[in-house]
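Shown next, in structure tokens, is the structure this report addresses.
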Number of protein chains: 2
Amino acid sequence: MATTHRPPTLEDVALAAGVSRATASRVLAGTGYASPAARERVNVAADRLGYAPNPAARALVQGTGFRLVVAVTGTAATVLDDPYVHRVLGACARVCAPHGLGVALHWLPTRSPGEVRRLAADRSVGGVVLINTTEGVLDAIPARLRGRVASIGIGSALVPAFDVDNGGGTEAVVRHLYATGRRRIAMVTGPRWLSCAGRSVGAYRRIVRDAALPERLVPGDFSADRGRAAAREVLERWPDTDAIVGSSDATALGVIDLLRGDGVQVPGDVAVTGFDDIPLAAMTTPALTTATHPVTQIATAAATAVLDRRPVPPATMFPSRLVRRVSG
Amino acid sequence: MATTHRPPTLEDVALAAGVSRATASRVLAGTGYASPAARERVNVAADRLGYAPNPAARALVQGTGFRLVVAVTGTAATVLDDPYVHRVLGACARVCAPHGLGVALHWLPTRSPGEVRRLAADRSVGGVVLINTTEGVLDAIPARLRGRVASIGIGSALVPAFDVDNGGGTEAVVRHLYATGRRRIAMVTGPRWLSCAGRSVGAYRRIVRDAALPERLVPGDFSADRGRAAAREVLERWPDTDAIVGSSDATALGVIDLLRGDGVQVPGDVAVTGFDDIPLAAMTTPALTTATHPVTQIATAAATAVLDRRPVPPATMFPSRLVRRVSG
DNA sequence: TTGTACGCGTTATCAA
DNA sequence: TTGATAACGCGTACAA
């Protein structure tokens with residue numbers, strides 16, 4: 001009873017089942033031949049002993065890795081401080097837990113897409129989940145990683161995509177503004193290099209064009225500070241604007257802050273919408289009208305695809321759903 | 001050039017340095033004897049080859065683990081969805097990265113403190129960072145984990161604590177309210193089982209007693225919903241209250257929401273303060289007066305203590321600093 | 001269908 | 001001070 005409780009090894013299981021380690025391994029890994037009888041005995045023994053394979057040993061022999069790396073593309077390492085990234089990391093961690101794997105966080109500089117090769121060369125890396133990735137990064141991914149990479153955002157022939165229907169979401173938001181009487185709708189865009197942001201801009205342009213509304217675009221970068229600056233720019237260039245579409249909730253909050261500071265009523269004078277539905281979008285005053293995205297679900301799906309190594313469709317789209325609150 | 005780029009192993013380094021694997025290991029691990037000459041040659045070779053030890057192999061032979069587990073105590077697994085937890089996870093991940101380790105997320109049920117033993121038994125666990133831990137959990141930690149556990153919150157003889165000076169922070173907040181003329185100050189507490197919340201309550205009681213103010217305590221649980229309910233309770237029991245101290249920012253936002261819904265001016269009629277300074281506390285209207293905490297720094301310190309295995313003081317306190325904004 | 005034997009990269013033990 | 005060598009737990013050719 002006082003003996004140190006060494007976790008059961010494959011050897012223990014094999015011994016208890018009366019077979020060789022090799023047979024036990026084949027049964028548990030589900031690969032190779034094994035008689036039904038042996039199969040049964042091994043499974044029972046493993047269950048009884050509470051056997052769990054040692055990921056370190058497995059990683060060592062297979063060179064398969066024991067870490068799932070969440071790799072974030074961005075211009076600076078500060079992208080790793082983003083709450084959204086942390087949320088994805090958390091979801092991945094929960095998927096990894098039952099496999100005995102850990103997760104890691106890695107910055108992929110926008111300017112040197114080849115950096116991803118270093119990840120691929122690291123034998124301790126079991127898989128990679130890409131965030132905010134670019135085509136440059138996707139192109140640099142070596143074939144060796146095939147089946148062990150997934151992207152939250154755009155994908156490629158090698159990399160399955162798990163993405164939000166940004167275009168659809170933006171469309172829903174803009175249509176909603178139109179439906180509630182707004183006719184001079186401006187948009188604060190996301191960073192130019194991010195293609196998912198491009199889809200939002202595309203949707204916006206399409207709708208205003210079809211409805212013969214003026215196109216009013218101001219560059220942004222998802223930050224609240226830039227939102228403030230953008231709002232000022234909008235006010236100066238087009239004083240009659242009656243709605244501003246933010247490309248992120250932080251952007252929208254920055255916009256609202258500046259507007260109210262200038263005595264502009266929200267949503268009375270100008271409606272403002274966000275994008276993403278961060279936890280506090282519901283708590284602000286006025287509560288933010290925005291589009292909500294199943295971030296945890298998406299991250300879970302991406303991580304699962306990487307860990308299961310089963311064939312997945314090249315692109316899985318997740319809905320972006322309008323959340324009507326007060327601001328717009 | 002087309003050869004697959006196998007990462008350098010210890011063997012490669014030893015070969016390049018003209019010594020045996022054993023010597024190279026001793027030099028690189030910093031343990032055991034080695035002549036200055038050999039030391040030099042090995043280090044140079046390792047640098048040139050860009051050698052990094054394979055954590056899987058190391059974990060296998062030492063049984064030391066390749067994952068840092070962030071273990072969160074709470075009544076339900078949903079505590080793992082908390083943005084604060086994710087932030088700690090992110091900080092730990094950044095500390096782990098250079099060591100080639102991954103991080104994992106684990107729920108420790110409040111009701112069964114012994115659960116932590118399962119973590120200790122898992123050989124793949126290199127270390128544990130505790131969040132919101134209880135004395136029950138601390139007591140259940142086996143000695144085997146000594147030096148590989150750190151706690152963000154309370155500690156024990158075995159477990160060094162990395163904590164925010166909650167008492168000091170709450171004191172600063174309440175004193176600030178007093179200094180700005182508030183005399184009937186209520187407090188919405190945190191969950192009872194969390195001892196760090198207890199320190200805040202203690203600080204509050206001490207101050208109101210010393211200043212001969214009425215003590216007005218309402219139980220909370222850090223959530224915005226509970227904040228709303230608590231605010232209603234305060235309004236009913238003590239209608240002349242002129243300040244409400246929230247034990248978290250979410251609580252404060254819930255309080256503000258209900259107050260404004262009832263036509264109570266914030267901070268005109270009632271001042272409201274939060275605690276933690278979450279990213280959006282600065283963006284709400286009115287912007288939240290709160291206490292800010294270096295969460296990332298704290299998590300980094302805790303993770304570093306676990307990974308470095310160097311002796312650390314039993315308790316390291318981090319300051320809680322008042323942030324004066326608009327709400328109080 | 002099963003078992004033997006080797007290798008994965010590292011650390012630890014021991015003899016030289 | 002150094003270098004063989006034996007583990008660590010697992011997967012897998014290869015032989016039986």
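Quick note on labels: first sequence line is chain A, next is B, and so on, each numbered from 1. Not measured: the values here are computed from a predicted model.
Contacts between residues 53-60 of chain A and DNA chain C, counted as heavy-atom distances below 4.0 Å, involve Leu60(A). Within a heavy-atom distance below 4.0 Å of DNA chain C, the residues of residues 16-24 of chain A found are Val19(A), Ser20(A), Arg21(A), Ala22(A), Thr23(A).
Atom CG of Leu10(B) is separated from atom P of dC8(C) by 14 Å (rounded to the nearest Å). For the pair Arg26(B) CZ and dG9(C) C1', the computed distance is 17 Å after rounding to whole Å. Atom OH of Tyr51(B) and atom C1' of dG9(C) are 7 Å apart (whole Å). In this structure, Gln62(B) places its CD atom 17 Å from P of dG9(C), rounding to the nearest Å. Following rounding to the nearest Å, Phe66(B) (CZ) and dT10(C) (C1') show an atom-to-atom distance of 15 Å. Spacing between atom CD of Glu11(B) and atom P of dG7(C) amounts to 13 Å, rounded to whole angstrom units.
Taking the C1' atoms of five terminal pairs at each end of the helix from dT1(C)-dA16(D) to dA16(C)-dT1(D), the two resulting helix axes are inclined by 40°, rounded to 10°.
Summarising the geometry of Arg94(B) relative to Leu80(A), their closest heavy-atom pair is NH1-CB, 3.7 Å, with the distance given to 0.1 Å. The minimum heavy-atom distance between Ala56(A) and Ala59(B), with the atom names listed, is CB-CB, 4.0 Å. Listed here is the closest heavy atom pair of Asn43(A) and Val27(A): OD1-CG1, 3.9 Å. Nearest heavy-atom pair across Ile141(B) and Val159(B) is CD1-CG2, 3.7 Å. Listed here is the closest heavy atom pair of Arg148(A) and Val125(A): NH1-O, 3.2 Å. Pairing each heavy atom of Leu119(A) with each of Ala71(A), the nearest pair is CD1-CB, 4.0 Å.
By the 6.0 Å contact criterion, CD on Gln62(A) is enclosed, its count of non-hydrogen atoms from other residues, nucleotides or ligands being greater than 12.
On the nucleic acid side, DNA chain D contacts chain A at distances under 4.0 Å to non-hydrogen atoms, with the end points of that region at dG9(D) to dT12(D).
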From CA spacing to verdict: side chain to side chain contact (heavy atoms under 4.5 Å, CB included), Leu89(A), Leu105(B):
CA-CA 10 Å; Leu89(A) 188 70; Leu105(B) 205 45; over 6 Å; no
Audit row: Val44(A), Arg41(A), side chain to side chain contact (heavy atoms under 4.5 Å, CB included) steps and yes/no
CA-CA 5 Å; Val44(A) 167; Arg41(A) 291 218 306 278; 5.9 Å; no
Evaluation steps, side chain to side chain contact (heavy atoms under 4.5 Å, CB included), between Val85(B) and Val79(B):
CA-CA 8 Å; Val85(B) 168; Val79(B) 288; 5.6 Å; no
Take Ile131(A) and Tyr84(A) through the test side chain to side chain contact (heavy atoms under 4.5 Å, CB included) and record every step on the way to the result.
CA-CA 10 Å; Ile131(A) 297 184; Tyr84(A) 165 75; 3.9 Å; yes
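Using a 4.0 Å heavy-atom criterion, one finds that Ala29(A) contacts no nucleic acid atom at all.
Between Val61(B) and Pro36(B), it is Pro36(B) whose nearest contact on DNA chain D lies nearer the 5' terminus.
Qualifying side-chain contact (heavy atoms from CB on, under 4.5 Å) partners for Pro109(B), counting only residues two or more places apart in sequence or in other chains: Trp107(B), Ser112(B), Glu115(B).
Residue Thr9(B) has no polar side-chain atom (N or O) positioned under 4.0 Å from OP1 or OP2 of dC8(C).
Tested against Phe162(A), the residues Thr304(A), Thr316(A), Leu130(A) include a single side-chain contact (heavy atoms from CB on, under 4.5 Å) partner, Thr316(A).
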N/O donor-acceptor pairs under 3.5 Å from side chains in residues 296-303 of chain B, not counting sequence neighbours:
residue	atom	partner	partner atom	Å
Thr300(B)	OG1	Thr296(B)	O	2.7

